[in-house]
Chemist: 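For reference, the structure I am asking about is given below.
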Amino acid sequence: MRLRFAPSPTGSLHVGSARTAIMNQLVSVANNGTLILRIEDTDVSRSTEESTNAILSTLKWLGVSYGEGPFFQSSREKLYSKYIKKLISEGKAYCCFCTQEELEEMRTKQLHKHISTGYDGRCSKLSQEEVAEKISQNLPYVVRLKIPPEKLMFNDLIKGIVEFDGKLLHDIIILRSNGSPTYNLAVVVDDHEMNISHVIRGEDHVSNTPKQIAIYNALGLEAPIFAHIPLIIGADRSKLSKRHCDTAIEDYQKKGFLPEALVNYFSLLGYSHDANNEIMTLENIAKTFSFSSISKSPSMFDLKKLTWMNNQYIRMLSDKELYDKAKSFCKDIPLEEKKIKKILLLSKDQLKVLSDIKEICAPFCSYKIDWDQKKVVKLLKKERILDFLKEFIEKLEILQDFSLNSLEILFDTQLGLDSIKKRDAAQIIRFASTGKLISPPLFDTLYLLGQQEIIIRMNQFLQEVPCQEKMY
RNA sequence: GGCGCCAUAGAACAGCGGUUAGUUCGGGGGGCUCUCAAUCCCCAGACAGGAGUUCAACUCUCCUUGGCGCUACCA
């Protein structure tokens with residue numbers, strides 16, 4: 001089995017393209033096939049080298065590996081023109097000199113008549129002399145393929161038999177007036193030259209398929225097997241766009257999603273899987289892969305589920321792996337490396353994405369705490385809660401050996417003297433010393449902040465509370 | 001306008017002619033825990049509509065409706 005992934009370098013790798021790439025990888029692994037990477041850059045005006053590099057590095061990061069390539073269509077133009085010349089000489093394609101205005105007029109008329117829009121084939125009636133004459137006049141022209149008025153069908157591995165009527169297809173352009181081949185022509189030539197057996201691509205290509213089959217037919221070549229995977233859609237069921245969420249895989253990389261989670265999520269999205277165990281490697285999914293398990297309807301991108309899955313993968317990381325992967329997200333944190341590492345490991349389970357580490361470290365960095373008292377309205381209503389805090393601070397001030405252990409003993413002792421719930425006691429201390437209701441385990445947090453610092457913070461907190469208290 | 005594809009809870013999937021229509025994420029509630037997370041328990045929530053076929057239809061057929069894709073000298 002020979003497969004290909006063929007992105008066009010007009011931007012960074014999009015979520016939808018990534019899914020296609022992952023599906024190709026999945027099928028390739030499942031069938032011991034070869035995946036070929038081909039950069040579809042026939043449109044010079046939109047393709048950039050920067051995009052190519054971005055796509056290549058993102059694919060690498062994702063772990064999508066290809067056995068051959070990358071090949072660039074822009075460097076294969078001679079090949080395409082060979083095929084185009086063949087089609088012209090056999091009378092299966094012809095030069096078209098119609099202007100933009102003519103084409104537009106044609107279209108409006110068709111729209112008016114409520115019939116399908118497209119070229120009416122008028123230039124195919126030009127005689128050889130007329131064509132030669134126009135060319136000698138240096139008139140710009142494109143080359144169009146004659147599409148015979150017959151049924152064009154293919155058996156899609158996902159959709160089943162799909163049939164189109166050639167009569168409604170119209171003669172498509174295969175060579176632009178600037179001399180470059182169009183997508184449909186280049187795809188057919190390359191898929192044939194590269195011996196591609198299975199074309200797995202997005203559903204947006206379904207309507208291109210009959211056009212490509214027409215080219216295969218004209219060339220006397222056998223078309224590969226097609227599998228069109230349904231598109232990924234946004235929360236409002238429309239095509240996924242920046243309106244909905246980040247659409248570039250790079251964005252997810254920057255936020256601290258793990259490639260394994262992304263690969264897992266996208267290979268199971270729109271795939272009939274065992275819902276009881278969704279955490280699977282691509283290799284495991286490949287073991288039971290079948291095209292019939294791919295859903296026929298589009299799938300909605302669910303960031304919450306991806307995030308959940310990412311957390312699952314983060315907690316599976318070893319301490320060392322976690323630190324290595326999180327390192328790049330810790331650069332801007334004004335703390336010593338050792339401390340960050342400590343906090344990171346303490347909060348491993350609660351990281352949804354690696355970049356969360358910044359927020360978790362915040363209370364350990366800033367000396368200016370903003371106590372948003374709205375968060376503790378309920379807590380402050382608990383009886384003797386502030387007394388407990390005051391007493392805790394007093395004891396803390398005279399504590400000789402500040403350690404994890406002594407802190408805990410001090411806390412428990414004070415708790416024994418007061419009739420306060422442990423959770424309330426812990427929360428008021430947590431809030432007073434960090435300004436947050438969420439933090440790594442309390443005693444670790446206090447210990448890391450240091451005796452002096454927590455005393456200062458908690459006292460500051462107490463100074464701010466009383467005036468606020470009257471509000472409630 | 002034309003052509004094509006699709007249709008089970010908010011989301012992703014099960015169900016393949018007879019089920020109290022199931023699982024996972026999400027939502028709500030609760031237990032446990034110093035918080036969050038994790039985990040455990042509980043709750044809400046779906047077969048788009050209409051005709052057929054059949055003893056029986058979420059499941060098969062057709063129609064309608066709705067959604068999406070394509071309709072470029074983009075890919």
Side-chain angles (χ1 to χ4, degrees), chain A residues 6-10 17 40-43 45-47 73 96 100 103 107 110-118 140-144 156 158-160 162-165 168-170 172-184 186-187 201-211 228 230-231 233 235-239 265 268-278 293 295-309 311-312 315 347-352 360 408 411 415 421-431 434 436-443 445:
Chain A
S8 61
T10 53
S17 308
E40 311 228 313
D41 53 355
T42 55
D43 184 355
S45 61
R46 304 205 319 150
S47 305
Q73 289 189 324
C96 166
Q100 211 59 49
L103 260 23
R107 188 183 151 82
Q110 286 160 336
L111 235 31
H112 215 73
K113 286 189 198 164
H114 294 201
I115 57 173
S116 71
T117 53
Y141 66 95
V142 297
V143 175
R144 288 182 185 270
D156 191 279
I158 294 164
K159 310 217 160 272
V162 183
E163 210 177 56
F164 288 84
D165 190 347
L168 304 171
L169 240 39
H170 306 97
I172 56 166
I173 294 174
I174 53 176
L175 186 77
R176 297 188 185 101
S177 52
N178 70 4
S180 67
T182 58
Y183 163 74
N184 284 120
V187 166
R201 72 213 323 188
E203 193 177 8
D204 48 340
H205 287 289
V206 171
S207 358
N208 282 320
T209 310
K211 298 174 189 170
H228 288 96
L231 267 24
I233 54 179
D236 60 358
R237 311 227 78 140
S238 69
K239 194 173 175 178
Y265 179 73
L268 253 30
L269 182 64
Y271 187 79
S272 173
H273 53 276
D274 176 11
N276 279 310
N277 180 25
E278 298 188 84
S293 294
S295 156
K296 291 182 183 181
S297 48
S299 312
M300 204 179 273
F301 179 69
D302 184 354
L303 183 61
K304 282 188 175 168
K305 186 149 188 176
L306 205 211
T307 306
W308 166 79
M309 206 170 252
N311 172 257
Q312 299 286 312
R315 21 173 81 232
S347 50
K348 178 157 122 184
D349 288 356
Q350 45 190 295
L351 293 174
K352 298 285 191 193
I360 291 172
E408 192 160 0
F411 178 83
L415 202 60
K421 271 191 190 167
K422 195 174 185 182
R423 60 183 298 154
D424 294 336
Q427 281 304 74
I428 196 69
I429 294 174
R430 189 191 312 276
F431 190 75
T434 65
K436 287 173 181 291
L437 286 170
I438 300 166
S439 83
L442 183 64
F443 303 117
T445 303

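The chains referred to below are lettered A, B, ... by the order of the sequence lines, with proteins before strands, and numbering in each begins at 1. If you're wondering where the values come from, they're calculated on a predicted model, not measured in any experiment.
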Chemist: Classify the nucleic acid contact of A:R237 as base, sugar-phosphate or nothing, counting any heavy atom under 4.0 Å across all strands shown.
Modeler: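 Sugar-phosphate contact only.
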Chemist: With sequence neighbours excluded, what pairs up with A:K352 under the salt bridge (Lys or Arg N to Asp or Glu O under 4.0 Å) test?
Modeler: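 Counting only residues at least two positions away or on another chain, A:K352 forms no salt bridge (Lys or Arg N to Asp or Glu O under 4.0 Å).
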Chemist: Side chain of A:L231, heavy atoms from C-beta onward: which of B:rG69, B:rA72, B:rC5 has the nearest atom to it?
Modeler: B:rG69
Chemist: For A:E163, answer base if it contacts any base atom (sugar-phosphate contacts may also be present), sugar-phosphate if it contacts only those atoms, and nothing otherwise; contact means non-hydrogen atoms under 4.0 Å.
Modeler: sugar-phosphate
Chemist: Give me the distance, rounded to whole Å, that separates B:rG26 from B:rA46 when you measure between the C1' atoms they each carry.
Modeler: 15 Å
Chemist: Taking the P atom of each, how far is B:rG2 from B:rA72, in whole Å?
Modeler: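 One P to the other, the span is 15 Å.
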Chemist: Rounded to whole angstroms, how far apart are CD1 on A:I233 and P on B:rC70?
Modeler: 14 Å
Chemist: For the pair A:N208 (side chain) and A:N184 (backbone), establish whether a donor and an acceptor sit closer than 3.5 Å, ignoring hydrogens and angles.
Modeler: no
Chemist: Take atom C1' in B:rU8 and the same atom in B:rU23, then report the distance between them in whole Å.
Modeler: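 Their C1' atoms lie roughly 13 Å apart.
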Chemist: Can a donor-acceptor pair under 3.5 Å be found between the side-chain atoms of A:S238 and the base atoms of B:rC68?
Modeler: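 Check fails, no donor-acceptor contact within cut-off.
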Chemist: Between A:R201 and A:T209, does a side-chain hydrogen bond (donor to acceptor under 3.5 Å, both in side chains) hold up when you go through it step by step?
Modeler: CA-CA 11 Å; A:R201 72 213 323 188; A:T209 310; 3.2 Å; yes
Chemist: Sequence neighbours left out, what passes side chain to side chain donor-acceptor pair (under 3.5 Å) with A:Q110? Give chain and number order.
Modeler: none
Chemist: A:R201 has an atom CZ; how far is it from atom P of B:rC5, in whole Å?
Modeler: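 Computing the A:R201:CZ to B:rC5:P distance gives 16 Å.
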Chemist: Pick base, sugar-phosphate or nothing for A:S299, based on heavy-atom distances below 4.0 Å to the nucleic acid.
Modeler: sugar-phosphate
Chemist: Considering only the C1' atoms, how many Å lie between B:rU54 and B:rC62, rounded to the nearest integer?
Modeler: 16 Å
Chemist: I'd like the C1' distance from B:rA21 over to B:rU61, given in whole Å.
Modeler: 23 Å
Chemist: Using the test ring-ring contact (aromatic ring centres under 6.0 Å, His included), find all partners of A:H205 that sit at least two apart in sequence or belong to another chain.
Modeler: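 A:H205: ring-ring contact (aromatic ring centres under 6.0 Å, His included) contacts with A:Y183.
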Chemist: A:H205 NE2 to B:rG69 P: how many Å, rounded?
Modeler: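 Computing the A:H205:NE2 to B:rG69:P distance gives 14 Å.
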Chemist: Say you pick atom C1' in B:rA44 and the same atom in B:rC63; how far apart are they, in whole Å?
Modeler: 35 Å
Chemist: Taking the P atom of each, how far is B:rA14 from B:rU35, in whole Å?
Modeler: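 B:rA14 and B:rU35 have their P atoms separated by 40 Å.
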Chemist: For RNA chain B, what string of dots and brackets results from 5' to 3' when Watson-Crick and G-U pairs need both distances under 3.5 Å, crossing pairs get [ ], and pairs with another strand get |?
Modeler: (((((((..((((....[...)))).(((((.......)))))....(((((..]....))))))))))))....
Chemist: Quick one: list whatever passes side chain to side chain donor-acceptor pair (under 3.5 Å) with A:S116, sequence neighbours left out.
Modeler: none
Chemist: Quick check for you: to the nearest 0.5 Å, what is the distance between A:I174 atom CD1 and A:K211 atom NZ?
Modeler: 13.5 Å
Chemist: Determine the contact category for A:R107: base if any of its heavy atoms lies under 4.0 Å from a base atom, sugar-phosphate if only primed atoms, P, OP1 or OP2 are that close, otherwise nothing.
Modeler: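 Answer is sugar-phosphate: A:R107 comes under 4.0 Å of backbone atoms only.
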Chemist: Write down the distance between CG (A:D204) and C1' (B:rC3), rounded to a whole number of angstrom.
Modeler: 16 Å
Chemist: If the condition is salt bridge (Lys or Arg N to Asp or Glu O under 4.0 Å), which residues does A:R107 pass it with, not counting sequence neighbours?
Modeler: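 Scan of A:R107 (salt bridge (Lys or Arg N to Asp or Glu O under 4.0 Å), adjacent residues dropped) gives none.
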Chemist: For the base of B:rA75, is there a side-chain donor-acceptor partner from A:N208 under 3.5 Å away?
Modeler: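 In this structure, the two groups form a donor-acceptor pair.
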Chemist: Starting at atom NZ of A:K296, determine the distance to atom C1' of B:rA14, rounded to an integer number of angstrom.
Modeler: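 In whole Å, B:rA14 C1' and A:K296 NZ are 16 Å from each other.
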Chemist: Base, sugar-phosphate, or nothing for A:T42, non-hydrogen atoms under 4.0 angstrom?
Modeler: sugar-phosphate
Chemist: Between B:rC5, B:rU24, B:rA14, spot the one nearest the side chain of A:V162, thanks.
Modeler: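 Output: B:rC5.
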Chemist: So what does A:F164 hit on the nucleic acid, given a heavy-atom distance under 4.0 Å: a base, only sugar-phosphate, or nothing?
Modeler: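 Sugar-phosphate, no base atom in range.
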Chemist: Quick one: list whatever passes side chain to side chain donor-acceptor pair (under 3.5 Å) with A:S439, sequence neighbours left out.
Modeler: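 With neighbours one apart ignored, the set is A:R430, A:T445.
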Chemist: Please work out if A:K239 contacts a base, only the sugar-phosphate, or nothing of the nucleic acid, heavy-atom cut-off 4.0 Å.
Modeler: sugar-phosphate
Chemist: Side chain of A:M300, heavy atoms from C-beta onward: which of B:rG1, B:rC6, B:rA12 has the nearest atom to it?
Modeler: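 Output: B:rA12.
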Chemist: Between A:E40 and A:S293, name the one whose nearest nucleotide on RNA chain B is closer to the 5' end.
Modeler: A:S293
Chemist: Donor-acceptor check, side chain of A:S8 to backbone of A:T10, threshold 3.5 angstrom: yes or no?
Modeler: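 Checked: no pair found.
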Chemist: In whole Å, what is the span from the CD atom of A:E203 to the P atom of B:rA7?
Modeler: 10 Å
Chemist: Could you write nucleotides 25-41 of chain B as a row of B, S and -, 5' to 3', where a protein heavy atom under 4.0 Å of any base atom gives B, of only sugar-phosphate atoms gives S, and otherwise -?
Modeler: SS------BBBBSS---
Chemist: For A:S180, answer base if it contacts any base atom (sugar-phosphate contacts may also be present), sugar-phosphate if it contacts only those atoms, and nothing otherwise; contact means non-hydrogen atoms under 4.0 Å.
Modeler: nothing
Chemist: Say we look at B:rC55 and B:rG67: how far apart would their C1' atoms be, to the nearest angstrom?
Modeler: 36 Å
Chemist: Report which part of the nucleic acid A:G270 touches: base, sugar-phosphate, or nothing (heavy-atom distance under 4.0 Å, all strands).
Modeler: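 Sugar-phosphate, no base atom in range.
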Chemist: Check the distance between B:rC3's C1' and A:K159's NZ and give it to me in whole angstrom.
Modeler: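 In whole Å, B:rC3 C1' lies 15 Å from A:K159 NZ.
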Chemist: Across the strands shown, which category fits A:H170 at heavy-atom distances under 4.0 angstrom: base, sugar-phosphate, nothing?
Modeler: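 Nothing, no nucleic acid heavy atom in range.
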Chemist: Which is true for A:L111 with a 4.0 Å heavy-atom rule: it touches a base, it touches only sugar-phosphate, or it touches nothing?
Modeler: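 Touches a base.
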Chemist: Side-chain N or O of A:S272 less than 4.0 angstrom from OP1 or OP2 on B:rA14?
Modeler: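 True: A:S272 side-chain N/O within range (under 4.0 Å) of B:rA14 OP1/OP2.
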Chemist: Could you tell me whether a side-chain N or O of A:T182 sits under 3.5 Å from a main-chain N or O of A:I173, the two making a donor and an acceptor?
Modeler: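 Looks like yes, one N/O pair under 3.5 Å.
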Chemist: A:D302: what forms a salt bridge (Lys or Arg N to Asp or Glu O under 4.0 Å) with it, not counting sequence neighbours?
Modeler: none
Chemist: Among B:rA75, B:rC73, B:rU23, which nucleotide sits nearest the side chain of A:Q100?
Modeler: B:rC73
